[in-house]
Every structure is written in C-alpha cells, then in structure tokens.
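The structure appears below as structure tokens.
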Amino acid sequence: MPNEESTISPEEQEKLIHAKQEWAHTFDAVSDLIFIVDNDLKFLRVNRAMAEHCGCRPEELVGRKCFEVIHGTKSAPDNCLHAKVIELGKPQTAEFIVEKLGGIFEVTMSPMFNTDGRITATVHVARDITEKRRHEELLAAQQKQLEEINNTLESRITEAVAELRKKDDILIQQSRLTAMGEMISNVAHQWRQPLNNVGLIVQNLQLAFKSNDLSVEELDEDIAEIMKVLQQISETIDDFRNFFSYEEKPCSFIVNELVSRSLSFVEPSLKRKGILIELDEQPDIVVSGYPNEYMQAFLNVMLNARDALLGHQVSMPLISIRISGENGRSIATVRDNGGGIREDILPKIFDPYFTTKHQSTGVGLGLYMAKMIIEKKMHGTLTARNVDGGAEFRIEV
Ligand SMILES: Nc1ncnc2c1ncn2[C@@H]1O[C@H](COP(=O)(O)OP(=O)(O)OP(=O)(O)O)[C@@H](O)[C@H]1O
Ligand SMILES: [Mg+2]
C-alpha cells in the first residue's frame, strides 16, 4: 500500500506546477543577473537578464563554463569567489569589472546545499553598478572641485576686490583727467593777467633805465612786484601739481581752503559765462580725509551745476555754496538754479555711466566718482535733491 504522506493529489500537483511557473517567472523578471553554477563552474540555470547581457537565450548558456562566457578566459579569474564560498560555506560579495559584459558588477555568491549538507552549486546574483559608480565618481570629482573652490575662495575674493579697487582708482584718475582739462583752460586765463602785469613792469623798467630815470628804490620795488606775481603763478602750479598727486594716507584739511582753491580753478571761466557764485561759510571747518579727491568730488558737482545752468540758458545763473560744521562733521552744499533734476532720474544720477548729456560732453562718471570718493574713501555722504528752481548737492564728511 503506497505511503499516504508521499502521495500528491492532482490538486496539489497543480499547485506545485503553478508555484514552479511562478518562481520561474520571478527568476526571469528580476533585473539583476542571476545564474547558478555547479562545482565544475558550469551554468545550471540562468535568468533572462543574464542571458540578454550575454546576447543569447538562457538555455543556450546551460552547460557552458561560466568564466568562458563571462570573462572570455580559459580558467576562472584569480578573484573568483567560488572557491571561497565552497571553503567557508557562506555567501561572499565582491565587485568585478567585466569587460566582456561592458560594466562593473557587484556580485553576491551564495552556496546551495543538498540534503546531506554538501555544497552542490553556487547562486550568483550580479547587479550592474556601472551607472552608480559613474555617478559616485562624478560626485567625488565635483566634491573635490567644490573643496578646491572653497579653499581658494577667500584668496580669489581678495584678488577680485583688489582688482576692483584698482579699476576704481583708474576711474578716479580718468575723471581727474577730465577735471584737469577744465582746469588747464582756467590756468591759462588766470596767468594772462599777472603775465601782462610782469610785461608792463619790465617795459617800464626798460624805459626808465633808458632815460636814466631809475632809482635803486624803484628797481627794488618793481622787482618785488614781479616776484610777488611770479610767486602767485608758482602757487597755481603747486595747486595744480598737488591735485594730481596720489594720496595714500588721509590727512586733516580745512574744507574752506579747499573749496576756495577749487573755486579759483573754475570761477574765472564760470564768470565769463555769466554765472554768479555765492559763498557763505563758517570759518575753518577741519576734517580728515583725502583733500585732492575731495576737491575732485567738489569740482564734479560744480561742473554739473555749470552744465545745468548753461544747458537751460537760465537768465540769472547762480551757484550758491554753503560751508558749515555740525557735530564734528563738515557740510558743503552746492545749489544751482538750473531747473533741477527730473524726479524719475534722480535715483540714477550716481550710477556709473548714467548721463543725460551728449556723449561728447559727458560720460556719466562724474557723480559716481564723487560718491565713491566721499562715501567709500572718506566714509561721508553725498546726496542730491531738488530745491526751488534747481538742484542741491550735499557733501558731508
Ligand atoms: N546740478 C544738476 N542739475 C541737473 N541735473 C544734474 C545736475 N547734476 C547732475 N545732473 C544729472 O546727473 C547726470 C549724471 O551726472 P554725472 O556728473 O555723473 O555725469 P555727466 O555730468 O553726465 O558726465 P561726466 O560727469 O562723466 O562728464 C547728468 O547727466 C545730469 O542729467
Ligand atoms: Mg558730471
């Protein structure tokens, strides 16, 4: 009589077949490469993903030596895990670069035991990690790049700031050259009168000498007069030369004196154009900073006032300057009656290269430079507003 326990009912048989099919489907559905090899390293079973990687059908691989198919070699590679799995009886994992399959694989090899506990085969599950490794390498490279950027960031910022400073200095220098052009024409006018005087004195001397009418006292007097005039001319040259020298360190200066000196450069030409200048000042306001650059900022503001007055053909053109002191600070305001600044452009006038003038007369750097000098170099403020009939600039240092 057959053993009741070993008989399998048709229903159970059906179930078993179903389970086997299901397992086979699962085996084939997995995207990892799965294959089972016997102790002679011959394929016993191969899933669809593995077969596809090898470019054939699963049944075509069965019975072939795995190393021939996978590595294209006549024997197993040195790092093959098979011997180790057999020896230790435990799963082992390692990474392989498999050129023939065109990628990097993470392989876990596990032993399969028979009922006696002997290992009869090994199951290999290989995962293609080529993309993962590529991303990791990319990430590592980016990380390294980032670290390098971080390491050099500080020095590069310092370099960039120094570069900007240099550019600013060049701009200041350029704008100073523009002011210089303006001043040279004034110097020529300033010198005409004293030079004429010297000429007259010398002519008179000559006449007096020829007519034997020259006393030692008269000669001394005339020479003293000539020396005085020459001294004035020489001072203009000094002012002029000082204005173009570069100031490395801040120093104390009297705002009133500086404004007067600046005016001496531009006043004659403004007067010739019918512009009146009013100066209202508290005496001797002392501040610390860079006098030449202050003068440059002040002159830029003055020249803008002149341009506005001439541009609008104002009937009684006037520039009023006030110098006062407040809480240890100096305030110089320059006000004109040239029609003021359009409200919509008022916020832009200090921007570099902002100008409403024809390109032959303005590049739009004057106020930008002035602001930089007053605010960045001297930690003061330079502001503008419209007042009755004109614009007012306020320089506070
Ligand atoms: N006093 C003022 N009245 C009216 N508008 C002014 C006055 N001062 C400045 N502006 C306006 O501000 C603009 C910018 O002045 P800024 O001095 O920066 O440049 P610019 O005078 O046009 O050219 P640059 O000074 O470089 O020769 C001027 O073009 C003008 O429109
Ligand atoms: Mg200007």
Side-chain angles (χ1 to χ4, degrees), residues 164 167-186 243-244 258-259 262-263 265-267 269-271 273-280 290 292-323 331-378 380-397:
L164 277 179
K167 277 194 189 138
D168 284 352
D169 281 348
I170 291 171
L171 282 181
I172 291 182
Q173 206 57 34
Q174 268 179 359
S175 140
R176 205 176 283 185
L177 286 180
T178 315
M180 178 164 100
E182 201 72 36
M183 284 157 77
I184 283 178
S185 74
N186 283 305
F243 181 59
F244 292 99
L258 212 63
V259 166
S262 312
L263 286 179
F265 284 123
V266 288
E267 201 169 5
S269 82
L270 295 181
K271 275 199 177 139
K273 290 185 170 115
I275 299 172
L276 194 69
I277 296 182
E278 262 179 16
L279 179 60
D280 171 9
Y290 301 86
N292 288 347
E293 294 187 7
Y294 183 96
M295 201 151 117
Q296 186 181 347
F298 178 79
L299 277 174
N300 277 333
V301 171
M302 284 295 293
L303 296 177
N304 279 346
R306 175 203 63 188
D307 291 349
L309 291 168
L310 299 181
H312 282 85
Q313 297 177 337
V314 177
S315 62
M316 302 264 283
L318 172 71
I319 300 176
S320 317
I321 301 157
R322 280 188 104 227
I323 304 168
I331 296 158
T333 55
V334 177
R335 178 190 281 217
D336 63 64
N337 60 346
I341 304 160
R342 272 200 354 239
E343 286 296 328
D344 60 324
I345 65 163
L346 198 52
K348 300 186 201 148
I349 57 168
F350 294 103
D351 291 350
Y353 303 106
F354 177 84
T355 182
T356 54
K357 293 171 194 167
H358 186 265
Q359 67 188 51
S360 62
T361 53
V363 283
L365 283 178
L367 286 180
Y368 170 69
M369 295 300 24
K371 199 164 180 83
M372 219 158 57
I373 289 168
I374 300 299
E375 301 197 349
K376 291 262 157 54
K377 283 200 88 165
M378 295 176 65
T381 52
L382 169 61
T383 52
R385 63 176 183 140
N386 280 319
V387 289
D388 206 18
E392 184 186 86
F393 285 80
R394 179 186 160 102
I395 305 170
E396 190 175 331
V397 176

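These values consider heavy atoms only, across backbone and side chains, with no hydrogens, waters or symmetry-generated copies. Indexing begins at 1, ligand by ligand and atom by atom, following the structure's order.
In terms of protein heavy-atom proximity, atom 1 (N) of ligand 1 is closest to D336 OD2, 2.9 Å. For atom 20 (P) of ligand 1, the closest non-hydrogen atom on the protein side is K357 NZ, 3.6 Å. Nearest non-hydrogen protein atom to atom 14 (C) of ligand 1 is F354 O, 3.3 Å. If you check which protein heavy atom lies closest to atom 17 (O) of ligand 1, you get N304 ND2, 2.8 Å. Closest protein heavy atom to atom 3 (N) of ligand 1: A308 CB, 3.4 Å. Shortest contact from atom 12 (O) of ligand 1 to any protein heavy atom: I349 CG2, 3.3 Å. Shortest contact from atom 27 (O) of ligand 1 to any protein heavy atom: G362 CA, 3.4 Å. Given atom 5 (N) of ligand 1, the protein heavy atom at minimum distance is I341 CG1, 3.4 Å.
Annotation for K271: atom NZ does not count as buried by contact number, only 12 or fewer foreign heavy atoms lying within 6.0 Å. For CG of D388, the number of neighbouring non-hydrogen atoms (other residues, nucleotides, ligands) closer than 6.0 Å is 12 at most.
Heavy-atom minimum distance, M378 versus Y294: CE-CD1, 4.0 Å.
Inside a sphere of radius 2.8 Å centred on the Mg ion (ligand 2), the protein N/O/S atoms present are N304 OD1.
The distance from ligand 1 to the heavy atoms of G340 drops below 4.0 Å at these ligand atoms: 4 (C).
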Test L303 against R306 for side-chain contact (heavy atoms from CB on, under 4.5 Å), laying out the working first.
CA-CA 5 Å; L303 296 177; R306 175 203 63 188; 3.7 Å; yes
Using side-chain contact (heavy atoms from CB on, under 4.5 Å), reason through V314 and I275 one step at a time and then give a plain yes or no.
CA-CA 9 Å; V314 177; I275 299 172; over 6 Å; no
Criterion side-chain contact (heavy atoms from CB on, under 4.5 Å) on L263 and I321, from CA distance to verdict:
CA-CA 10 Å; L263 286 179; I321 301 157; 3.7 Å; yes
Is there a side-chain contact (heavy atoms from CB on, under 4.5 Å) between R342 and D344? Walk through the geometry before answering.
CA-CA 6 Å; R342 272 200 354 239; D344 60 324; 3.0 Å; yes
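At a 4.0 Å cut-off, not a single heavy atom of F350 sits close enough to ligand 1 to count as contact.
At a threshold of 4.5 Å between non-hydrogen side-chain atoms, the residues V334 and F298 count as touching.
For ligand 1, the polar-atom distance check finds an N/O of L367 within less than 3.5 Å of one of the ligand's N/O atoms. Some N or O of G366 is nearer than 3.5 Å to an N or O of ligand 1, by distance alone. Some N or O of G364 is nearer than 3.5 Å to an N or O of ligand 1, by distance alone. At least one N or O atom of L365, backbone or side chain, sits closer than 3.5 Å to an N or O atom of ligand 1. When only interatomic distances are considered, the shortest N/O to N/O separation between D307 and ligand 1 does not fall below 3.5 Å.
Note that CD1 of I341 is 4.0 Å distant from CZ of F393, once rounded to the nearest 0.5 Å. Taking CG from N337 and CG from L318, the interatomic distance works out to 5.5 Å, rounded to the nearest 0.5 Å. The CD atom of E343 sits 10.0 Å away from atom CD1 of I345, with the distance rounded to the nearest 0.5 Å. The distance from atom OH of Y290 to atom NZ of K377, rounded to the nearest 0.5 Å, is 5.0 Å.
Of the candidates T356, L303, L309, the one placing a heavy atom closest to atom 29 (O) of ligand 1 is T356.
None of I331, T381, L382 except one satisfies the side chain to side chain contact (heavy atoms under 4.5 Å, CB included) rule with I395; the exception is L382.
Looking at E396 and R394, a side-chain N of the basic residue comes within less than 4.0 Å of a carboxylate O on the acidic one, giving a salt bridge.
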